[in-house]
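Okay, structure first, notes after.
The analysis underlying the following values was restricted to heavy atoms, covering all of them including side chains, and did not include hydrogens, waters or symmetry mates.
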Amino acid sequence: MMKLSRTNLHKFLLVETFLLVTLLDASYASTSTSCSCGYIDDQGHVWREAITTEFTQSSGALAALGNDWIVSTDNEPQSGSATANIQYIEANVLEHNSALGIQASTYTSGSSSVHSGQIFTDRSDLLYGTFRMRAAVPTVPGVVFGFFSYESDTQEQDIEFLSSDDNSHQQVQYTNQPGTINGEVDNDAYREVDVSGANFTAFGEHRFDWLETATEYYYNSNLTATINKNVPTSPSEIVLNVWSNGDPEFSQGPPTSNATATVEYIKLYFNSTSLTEAKFSQACSEAGNIARCSI
């Protein structure tokens with residue numbers, strides 16, 4: 001072991017003291033910036049929990065999925081005017097342009113299914129929140145790109161982009177399911193919105209706020225629609241997918257080349273049935289009732 005002179009020992013102790021203070025300061029900063037007292041959004045709503053996923057991280061988009069997201073591999077048989085089934089495959093969730101790609105593959109004539117891509121949250125206990133993704137929609141006609149909450153076909157709120165729409169670069173469909181009554185569109189539960197000046201093929205933030213009495217839909221922080229009917233009341237999961245079933249009345253297609261949505265991030269701020277108000281308040285108190293994190 002190297003022996004220190006008095007002068008060097010003094011210098012050594014000064015450095016050690018400085019490092020200790022620095023570490024304590026860092027520890028305090030980390031604690032003071034935690035979000036144990038929740039997240040407050042731009043509308044003043046407070047949410048207890050968060051799942052935030054950055055797909056542009058250095059370790060790659062697939063690594064970012066972690067334990068929060070599951071890649072679908074199931075087959076969904078179709079009926080009615082659909083010409084093909086939907087087969088979700090793991091390979092259609094991929095690294096794409098330094099972000100996450102979700103893809104519907106080129107359809108092979110005569111095939112029974114369209115290979116599609118889907119991810120969904122491992123948790124299905126989410127109940128109200130603000131849900132956001134920054135994404136660029138597919139440009140290849142014949143697919144649907146969806147971002148939505150789901151518990152059942154009557155407990156679902158959707159953001160959907162149809163790449164075969166004439167105005168697909170700025171047209172979006174918002175639905176609190178069911179969006180029809182006796183086979184006819186229910187205009188109280190469905191909105192088709194043209195966002196003037198938008199270009200959905202470039203990256204932008206698409207968002208829905210699931211409140212107790214309404215679902216509010218946003219594009220780049222601007223409110224684009226509010227639906228008060230059929231607001232879900234059941235704990236749900238969050239889903240992103242790109243798919244086609246060849247239905248001439250909806251998805252159209254199937255696609256003649258790979259159709260890929262590119263997702264840079266997903267940010268979910270929410271309440272759940274797992275963390276009660278009482279448990280949340282206790283955790284906040286134990287953290288010193290620190291300020292809520294702004295989102």
Side-chain angles (χ1 to χ4, degrees), residues 39 41-43 50-66 68-69 71 92-105 116-121 129-149 157-175 191-210 215-225 238-244 251 255 257-270 294-295:
Y39 306 83
D41 67 23
D42 54 357
Q43 302 303 306
I51 298 171
T52 59
T53 310
E54 298 279 356
F55 294 112
T56 57
Q57 66 173 13
S58 59
S59 59
L62 294 180
L65 291 170
D68 292 324
W69 296 92
V71 178
N92 278 22
V93 177
L94 65 157
E95 308 273 352
H96 182 71
N97 292 343
S98 301
L100 184 74
I102 305 176
Q103 178 176 280
S105 299
S116 302
Q118 177 172 273
I119 62 172
F120 60 95
T121 51
T130 178
F131 306 96
R132 309 164 183 200
M133 70 167 181
R134 179 172 169 82
V137 306
T139 57
V140 174
V143 301
V144 178
F145 174 30
F147 175 46
F148 55 102
S149 71
Q157 49 208 334
D158 297 331
I159 297 178
E160 291 179 306
F161 308 92
L162 278 60
S163 65
S164 285
D165 282 351
D166 291 338
N167 232 10
S168 61
H169 67 286
Q170 61 182 32
Q171 188 174 89
V172 57
Q173 298 189 13
Y174 302 128
T175 313
R191 301 280 193 280
E192 183 176 86
V193 177
D194 283 306
V195 182
S196 179
N199 179 12
F200 296 157
T201 64
F203 286 106
E205 186 182 79
H206 302 275
R207 160 184 167 189
F208 63 96
D209 287 5
W210 176 13
T215 307
E216 297 176 344
Y217 294 94
Y218 292 81
Y219 174 64
N220 283 345
S221 300
N222 295 309
L223 182 66
T224 49
I238 301 298
V239 184
L240 284 81
N241 59 19
V242 177
W243 60 272
S244 178
S251 73
S257 59
N258 292 339
T260 308
T262 312
V263 185
E264 289 192 333
Y265 66 64
I266 306 170
K267 298 181 179 181
L268 316 177
Y269 304 95
F270 56 91
S294 295
I295 56 174

Task: Beyond-backbone contact of S294 with Y39, side-chain heavy atoms, under 4.5 angstrom - done: no
Open item on the list: Test your reading of the model: is there a side-chain donor-acceptor pair from T224 to the backbone of Y217, 3.5 Å cut-off?
Closed with: yes
Open item on the list: Checking the side chain of N199 only, and the main-chain atoms of T201 only, is there a donor and an acceptor separated by less than 3.5 Å?
Closed with: yes
Open item on the list: Using the side chain to side chain contact (heavy atoms under 4.5 Å, CB included) criterion, which residues pair with E192? Sequence neighbours excluded.
Closed with: Q171, Q173, Y190
Open item on the list: Give me the atom names and distance for the closest heavy-atom approach of S244 to S251.
Closed with: OG-OG, 3.5 Å
Task: Validation row: H169, N167 side chains within 4.5 angstrom (heavy atoms) - done: yes
Open item on the list: Looking at Q103, is its backbone amide N or carbonyl O close enough to the side chain of T260 to form a donor-acceptor pair, meaning the two atoms are under 3.5 Å apart?
Closed with: no
- [ ] Return yes if some donor-acceptor pair links the side-chain N/O of S116 with the main-chain N/O of A104 below 3.5 Å, else return no.
- [x] no
Task: Polar side-chain atom of E160 near backbone of F147 as donor-acceptor pair, under 3.5 Å - done: no
- [ ] Could you tell me whether D209 and R132 make a salt bridge, using a distance below 4.0 angstrom between a side-chain N and a carboxylate O?
- [x] no
- [ ] Please report the shortest heavy-atom distance between Y218 and L223, naming the atom on each side.
- [x] CD2-N, 3.5 Å
Task: With sequence neighbours excluded, residues passing side chain to side chain contact (heavy atoms under 4.5 Å, CB included) with A198 - done: Q170, V195, F200, Y219
- [ ] Give a yes/no verdict on a cation-pi contact between R191 and Y174, requiring under 6.0 Å between NZ or CZ and the six-membered ring centre and an angle within 45° of the axis.
- [x] no
Task: Minimal non-hydrogen separation, I102 against L240, with atom names - done: CD1-CB, 3.8 Å
Open item on the list: Closer than 3.5 angstrom, by distance alone: can the side chain of N220 be matched with the main-chain N or O of E205 as a donor-acceptor pair?
Closed with: yes
